[in-house]
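Worksheet for the structure shown next.
Quantities reported herein were computed from a predicted structural model and do not represent experimental measurements. Letters go in sequence order (proteins before strands), and every chain restarts at 1.
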Number of protein chains: 2
Amino acid sequence: MSALDTALHGLRSLIADSALRPGDRLPSEGELCEQLGVSRGSLREAIRMLAALGVLETRHGSGSYVSELRAADLIGSLSLTVGLLPMEGVLELTELRRALEPHATALAASRIDEQTLDHLDGLLDANEATADLDEQSRIDHEFHMTIAEVAGQDALTSLIGVLRSRSRSYRMSDPGDAAELKLHSDAGHRAILRGLREGDPVAAAAAASAHVAYTEYWVKKNSGSV
Amino acid sequence: MSALDTALHGLRSLIADSALRPGDRLPSEGELCEQLGVSRGSLREAIRMLAALGVLETRHGSGSYVSELRAADLIGSLSLTVGLLPMEGVLELTELRRALEPHATALAASRIDEQTLDHLDGLLDANEATADLDEQSRIDHEFHMTIAEVAGQDALTSLIGVLRSRSRSYRMSDPGDAAELKLHSDAGHRAILRGLREGDPVAAAAAASAHVAYTEYWVKKNSGSV
DNA sequence: ATGACAAAGTCGTCCTACGAATTGGAACGG
DNA sequence: CCGTTCCAATTCGTAGGACGACTTTGTCAT
């Protein structure tokens, strides 16, 4: 086994065996090098890998710590990489959204409170009023992420956020298409909000499903980027 | 910006800007050090991070290469870390399965062929016949992953695999409970297969949903590990 | 008690050196 | 001319040392 694997496996075992628990500080790099029998360079590479995956966090001058190991955080580590996916990959992710967003919307329908409903309503008003594409994108994102948060499943919210972060950056190349998309999109948002306000999980989920499917249709048709 | 961030951002940009495409070989470490203006150690740490996330692959003596950047592979990188999640985290993941597995099962219902149906049937026969817990676990895994594959969405299959890989390792502490679980579990499997064979996506999805919910119930009730 | 300060500990970065694996081409034999 | 063998160059893997940057802690003077 290579030195890097030794270090990686060693660190992973320390956590898996609960010798190190969430929030704990790791021994210093020097100590770990001795314990695991690898050089500092190899050890640091292993630490970086676990840090990239959201398992460890390193603080300069202080030490390395085991993260809280929340499912949402580990899933969030994907956000660094989904931005590199080619077009086909984005469509695969959209397919995941077709399963997740209706689910989240249905959950939200039975938990959402009056105040949040009003907030969402205000977002849609603002979205329909502005012509700024960046602003529309920002509001759209907040609308959907708010619903995901209301669903109350952190891992679900995080995953939806990761998946949305990619399709979000696409723009219609044809202005006419963009206008048509916005028209349908606004209607879709209203339908979702209606389902939420009526506390109707089935209606809300159906509206969310249609909304994602419609988005997917346009992304597929219009492969413009950035 | 730290040297590590410089290297990380530099590599990421090379891929994002399509200067490096899937399958391409990166310049040697020495060249990259010059280009990016960082030491070899820092560069290697950045490479390791991207490798951990499934973006790069390094081959000893040959060089580092950009991966195929398939969504399924990037999602698969989570499998190294979900094994470290505590109990609460596993329940969060099960909640995700409640959305994903019915979706996959519904898709599978409209695509599955006779041969695969017979294969699944054989798996259930074998599962009901054996008393070996490891064997049951293996068959259960193959049954569900086969359905996920038939759904034809690689990213979905990969994600379900990652999520299942965790709950899979749990065992009932009480033998009576285990027997009861198996009884219901077998019935659930049969219900799913029935839906698939009849090409009924709604029935299949409902059966899958009930199956996951039932699993979740037992995992919640019985917090035994390993 | 409070604040500034100094010292120790820890991570961040760079450098050099050499071992291990792969690769490509040259030399050889057919 | 073709195939094989072997060597040398290239590249990654690992180790160790050195020093700077940052944090933490404890001390000291106010």
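Nucleotide D/dG13 holds its P atom 12 Å from the CG atom of B/L56, rounded to whole Å. The nearest whole Å value for the distance from the CG atom in A/L8 to the P atom in D/dG13 is 14 Å. Counting to the nearest Å, the P atom of D/dA15 and the CG atom of A/L36 are 11 Å from each other. The separation between B/L43 atom CG and D/dT11 atom P is 14 Å, rounded to whole Å. Distance B/E57 CD to D/dC12 P: 15 Å, rounded to the nearest Å. Straight-line distance from the CZ atom of A/R44 to the P atom of D/dG13: 17 Å, rounded to whole Å. Taking atom CG on B/L32 and atom P on D/dT11, their separation rounds to 11 Å, with Å as the unit. The CZ-P distance, from B/R40 to C/dC18, rounds to 14 Å in whole Å.
In terms of position along DNA chain D, the nucleotide closest to A/G41 lies nearer the 5' end than the nucleotide closest to the other residue of the pair A/R59 and A/G41.
Side-chain N/O atoms of A/H60 and base N/O atoms of D/dC22 include no donor-acceptor pair closer than 3.5 Å.
A donor-acceptor pair under 3.5 Å links the side-chain atoms of B/S67 to the main chain of B/G54, judged by distance alone. Looking only at distances, a side-chain donor or acceptor of A/D132 sits under 3.5 Å from a matching main-chain atom of A/D134. Between the side chain of B/D118 and the backbone N or O of B/Q115, no donor-acceptor pair lies under 3.5 Å. One N or O on the side chain of B/R12 and one on the backbone of A/L80 form a donor-acceptor pair closer than 3.5 Å.
Taking the six-membered ring where the residue is Trp, B/Y214 and B/W218 present perpendicular rings, their angle passing 60° and hence far from 30°.
OP1 or OP2 of C/dT10 lies within a sub-4.0 Å distance of a side-chain N or O belonging to A/R25. Look at A/S42 and you'll find a side-chain N or O under 4.0 angstrom from OP1 or OP2 of D/dA15. When the side-chain nitrogen and oxygen atoms of B/S62 are compared with OP1 and OP2 of D/dC12, none of them lie within a distance under 4.0 Å. Applying the 4.0 Å criterion to OP1 and OP2 of C/dC14, one finds that B/S39 has a side-chain N or O inside that range.
Closest to the side chain of B/V38, from the set D/dA15, C/dC14, D/dC12, is C/dC14.
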